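Throughout, numbering of the chain's residues begins at 1 and tracks the sequence. Indexing begins at 1, ligand by ligand and atom by atom, following the structure's order. This structure is a prediction, so every number in the text was calculated from the model and none was measured.
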Amino acid sequence: MSRIDKDFIDEVNQKHLVDLQKDYDYLGERLSRTGQDIEQLTGAAQTFQIAVPSWGTGTGGTRFARFPGVGEPRNIYDKLEDCAVINDLSQSTNSVSPHFPWDKVDDFTDLKHRSDALGLSWIAVNSNTFQDQIGQEHSYKYGSLSHTSQDAREQAIQHNIDVIQYGKALGAKSLTVWVGDGSNHPGQQHFQHSFERYLASMEKIYAELPNDWEMHIEHKMFEPAFYSTVIQDWGSNILAAMHLGPKCKSLVDLGHHAPNVNIEMIVSRLIQFKKLGGFHFNDSKYGDDDLDSGSLHPYQQFLIFNELVDAQARKQDGFDPTYMLDQSHNVTDPIESLMNSAEEVQRSYIKALLIDRDALYGYQHANDAMMASSELKKAFNLDVSAILAMARYRDGGAIDPIATYRQSGYRQSVAKLRPAVAGNASGIV
Ligand code: RM4
Ligand code: MN
Ligand code: MN
């Protein structure tokens with residue numbers, strides 16, 4: 001079984017359709033009272049897409065252990081099958097972001113044929129210079145693009161250039177660079193010199209970018225380095241992106257900030273200076289926990305979308321971010337978590353579309369804090385589930401993706417074809 005049968009999805013949908021129609025009609029009537037057209041919102045939900053990270057389809061883990069699930073994907077072909085199931089049911093995840101060398105194959109043309117057949121495209125290729133591969137000549141233990149050793153830096157640069165080539169073969173249009181470079185001890189690293197080495201390495205990668213590509217830099221304040229990281233925050237990130245040129249932008253991974261940081265304001269600043277490249281959505285309580293998107297801070301996610309919808313409405317120059325999930329599923333079935341998270345991000349988007357922008361600007365101008373805040377809350381508090389379900393149904397997806405997935409028995413059937421891989425390593429995400 002490599003897909004869930006369309007007829008099966010239809011059959012399960014029939015059981016939910018009458019209730020959905022009632023909820024949808026009620027919501028349509030409710031929205032029309034404030035002059036909003038439900039059909040327009042459903043159309044927007046149908047258009048919204050968020051990419052799935054190939055590595056998210058496997059069970060993650062912590063520094064202590066990994067508890068594998070059954071029927072885990074063993075390679076990029078298995079991962080693609082799972083991504084197709086996620087997209088078939090959710091109809092909002094039609095692209096995949098691969099990570100190299102984890103997803104490296106000998107024949108990229110064959111891989112592209114497979115993804116085409118599954119109705120999936122590729123966005124944002126990711127390089128990996130945060131761990132050593134078997135037989136690798138120079139270690140990344142003390143860094144990669146910013147390493148003190150020129151040989152290690154050159155090896156990391158070449159890897160990124162190779163990844164661009166893989167991406168070209170797959171039809172991707174951007175390279176995301178996240179490095180684990182940093183230090184664990186005060187004094188271990190010269191802050192300025194390591195940043196200079198990083199920039200010099202990135203210049204060489206930037207020079208190899210095809211004209212219609214972008215390079216996205218991802219910042220992260222800690223882990224694997226716990227005292228300092230070379231690209232630790234959006235400040236270092238945007239400085240590097242500005243230094244490198246217009247094709248280089250910053251990528252915001254929600255979990256890569258200290259708790260309570262005002263991420264939506266960072267997003268606004270990046271938009272203003274045409275430097276918002278894209279997102280890795282996830283949620284966290286303490287740091288880079290990589291919990292499911294919207295599972296803890298749905299209001300924060302909504303406020304981020306408030307900034308995004310605002311930029312869209314103002315037709316802000318240079319605004320075209322890529323949306324992606326990046327989470328670690330330790331105790332859930334990754335397919336379920338990814339479908340659920342895609343819906344939660346889509347939910348934030350639709351709710352942000354409900355905000356009466358002219359009214360909000362008016363309250364802001366008049367310094368009416370209470371009404372401005374209420375305007376946001378009004379949109380956030382409305383349950384738009386019927387819009388999301390109707391959007392899926394109209395596109396041929398599942399009204400209730402998780403229930404449909406469970407009833408299909410997909411996981412059990414692939415488990416027979418995908419024997420568990422031995423070993424009990426901790427999982428990186
Ligand atoms: C990092 C970061 C990157 C991802 C790796 C696996 O924390 O979020 O996006 O490539 O994890
Ligand atoms: Mn990330
Ligand atoms: Mn991360």
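- Because its NZ or CZ atom is both nearer than 6.0 Å to the ring centre of Phe380 and within 45° of the ring axis, Lys351 counts as a cation-pi partner of that residue.
- Atoms of ligand 1 lying under 4.0 Å from any heavy atom of Asp253, numbered from 1 in the order shown and given with element: 8 (O).
- A salt bridge links Arg418 with Asp82; the closest basic N to acidic carboxylate O contact falls under 4.0 Å.
- Across His256, His257, His280, a single residue satisfies ring pair (Phe, Tyr, Trp, His ring centres under 6.0 Å) together with His219, and that is His257.
- Atom ND1 is the N, O or S atom of His280 at the shortest distance from the Mn ion (ligand 2).
- Close to ligand 1: His256, with a non-hydrogen atom less than 4.0 angstrom away.
- Atoms of ligand 1 found under 4.0 Å from any heavy atom of His280 (numbered from 1 in listed order, with element): 9 (O).
- Using a 4.0 Å cut-off to heavy atoms of Asp288, the atoms of ligand 1 that qualify are 7 (O).
- Two rings, from His159 and Tyr166, have their centers 6.0 Å or more apart.
- When the Mn ion (ligand 3) is compared with the N/O/S atoms of Asp288, atom OD2 turns out nearest.
- The Lys220 neighbourhood of ligand 1 comprises atoms 7 (O), with distances under 4.0 Å to a heavy atom of that residue.
- Within the 4.0 Å heavy-atom cutoff, Asn126 does not count among the residues contacting ligand 1.
- Using a cut-off of 2.8 Å, one finds that His256 contributes no N/O/S atom close to the Mn ion (ligand 2).
- For Tyr323 and Tyr349, the ring centers are positioned 6.0 Å apart or more.
- Residue contacts with ligand 1 for His99 involve side-chain atoms from C-beta outward but no N, CA, C or O (heavy atoms, distance under 4.0 Å).
- Asp253 contributes atom OD2 as its closest N/O/S atom to the Mn ion (ligand 2).
- Counting just the N/O/S atoms of Asp326, the one with the shortest distance to the Mn ion (ligand 2) is named OD2.
- The Mn ion (ligand 2) is closest to atom OE2 of Glu218 (considering only N, O or S atoms).
- In this structure, Lys274 forms no cation-pi arrangement with Phe319, as its terminal cationic atom is not both closer than 6.0 Å to the ring centre and no more than 45° off the ring axis.
- Checked against the 6.0 Å centroid threshold, Phe305 and Phe302 do not count as a close aromatic pair.
- Looking at Lys204 and Glu208, no side-chain N of the basic residue comes within less than 4.0 Å of a carboxylate O on the acidic one, giving no salt bridge.
- Residue Asp326 places at least one N or O, backbone or side chain, under 3.5 Å from an N or O of ligand 1.
- Just one residue in the list His216, Glu214, Met215 forms a side-chain contact (heavy atoms from CB on, under 4.5 Å) with Leu175, and that residue is Met215.
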